[in-house]
Amino acid sequence: MQNIKVVIFDLDGTLANTLPMCIAAFRKSVEPLTGNKVTDAEIVATFGPSEEGTIMALAPDHYDKGVASYLNYYEELHDMCPEPFEGIRELLELLKSRGVKLAMVTGKGKRSAEISMSRFGISHYFEKTETGDPKGPRKVEGIRNCLEYFGNPDSEEVIYVGDSPSDIGSCREAGIPIAAAAWAETAEPEALKAGAPDVLFYKVSEFFDWLEPRTIR
């Protein structure tokens, strides 16, 4: 990986520390509808599909109201995560200035992804965005769509950046390398290590220093 031309980012836990906000929004939207308390673990266990899938799993009898409530709380609670991780803006600016193609493949639903990207003011960096599906994970499909969009570059010219073990599996299936992001408080470094990512970073600055010489034209 000496001449990286395409970088594909995950969003939650990779670009920004949005997961605590997601969990809080799910709790506020689901508990009043079902009358049941839900734990963080119960919420996280539903992740994979988009947020609509989580609402279907936790409050199936209140789907439409649950989704609307979730999106409302997600936007309302966004002050919990007002900015991307420190160093992300500088990283995106570096890549953009060097002509690296940027995409985002996230499990988030389209609307919540738009809310966060707009709030952070970084939408313009990404030429291609693929969001989640209520029925189940679709990151492999999203990655492949991005690769096709960018003219199917050689796998050594592409890297995905994600914070979960499932991201590692998705990249293996899609046939591209992955940089595991362990810089969020919600990251599980040991689980990431067990998945044998191509590279693993504990700080955005470490990833910046690794990527910078690999994007020189």
So if you build clusters from Ile, Leu, Val, Met, Phe, Trp, Tyr with side-chain heavy-atom gaps below 4.5 Å, do Tyr70 and Leu33 land together? no

Distance col, row Ile168:CD1 vs Tyr160:OH, nearest 0.5 angstrom, shows 11.0 Å

Linked hydrophobic residues, Val140 as query - side chain contacts closer than 4.5 Å: none

Ion pair check, Arg144 and Glu148, cut-off under 4.0 Å: no

Would you list the pairs meeting salt bridge (charged side-chain N to carboxylate O under 4.0 Å, His left out) in which at least one residue belongs to residues 18-29, sequence neighbours left out? Arg27-Glu31, Arg27-Asp40

Please check: side-chain N/O of Ser69 versus main-chain N/O of Lys65, any donor-acceptor pairing under 3.5 Å? no

Side chains of Pro49 and Asp133 in contact at under 4.5 Å (non-hydrogen atoms): no

Excluding sequence neighbours, so at least two apart, what forms salt bridge (Lys or Arg N to Asp or Glu O under 4.0 Å) with Lys128? Glu130

Value rounded to 0.5 Å, distance of CG in Leu200 from CH2 in Trp183: 9.0 Å

All pairs passing side chain to side chain donor-acceptor pair (under 3.5 Å) where residues 169-182 contributes a residue, at least two apart: Arg172-Asp198

Find out whether Ile122 and Leu92 are in side-chain contact, i.e. whether some heavy atom of one side chain is under 4.5 Å from a heavy atom of the other. yes

Reported CG-to-OG distance for the pair Leu71 and Ser29, which is rounded to 0.5 angstrom: 9.0 Å

Should Ile115 and Met117 be regarded as members of a common hydrophobic cluster, given that ILVMFWY residues are connected when their side-chain heavy atoms come within less than 4.5 Å of each other, either directly or indirectly? no

Determine which pairs satisfy salt bridge (charged side-chain N to carboxylate O under 4.0 Å, His left out) with at least one residue from residues 46-62, sequence neighbours left out, and list them in order. Glu51-Lys108

Residues in side-chain contact (heavy atoms from CB on, under 4.5 Å) contact with Met21, at least two apart in sequence or another chain: Thr18, Tyr74, Leu77, His78, Met80, Cys81, Ser116

Between Tyr125 and Glu93, does the side chain to side chain contact (heavy atoms under 4.5 Å, CB included) criterion hold? Intermediate values first, please. CA-CA 8 Å; Tyr125 288 107; Glu93 190 59 39; 2.7 Å; yes

Are Arg98 and Glu212 close enough for a salt bridge, meaning some N to O gap below 4.0 Å? yes

Arg89: salt bridge (Lys or Arg N to Asp or Glu O under 4.0 Å) partners, not counting sequence neighbours: Glu83

Set of residues satisfying side chain to side chain donor-acceptor pair (under 3.5 Å) with respect to Tyr73, sequence neighbours excluded: none

In chain order, what residues pass the salt bridge (Lys or Arg N to Asp or Glu O under 4.0 Å) check against Glu188, with sequence neighbours excluded? none

Output all residues satisfying side-chain contact (heavy atoms from CB on, under 4.5 Å) with Asp209, sequence neighbours left out; order by chain, then residue number. none

Treat each ILVMFWY residue as a node, draw an edge where side-chain heavy atoms are under 4.5 Å apart, and state whether Val204 and Phe120 are in one component. yes

Any idea how Phe207 and Phe201 line up, ring-wise: parallel (<30°), tilted (30 to 60°), or perpendicular (>60°)? tilted

Test salt bridge (Lys or Arg N to Asp or Glu O under 4.0 Å) applied to Asp167 - qualifying residues, sequence neighbours left out: Lys139

Within this structure, what is the CG-CG distance for the pair Leu19 and Leu11, rounded to the nearest 0.5 Å? 9.5 Å

Could you grab the distance from atom CZ of Arg138 to atom CD1 of Ile143, nearest 0.5 Å is fine? 10.5 Å

Holding to side-chain contact (heavy atoms from CB on, under 4.5 Å), I want the full list of residues that pass it with Glu185, two or more places apart in sequence or in another chain. Asn17, Pro20

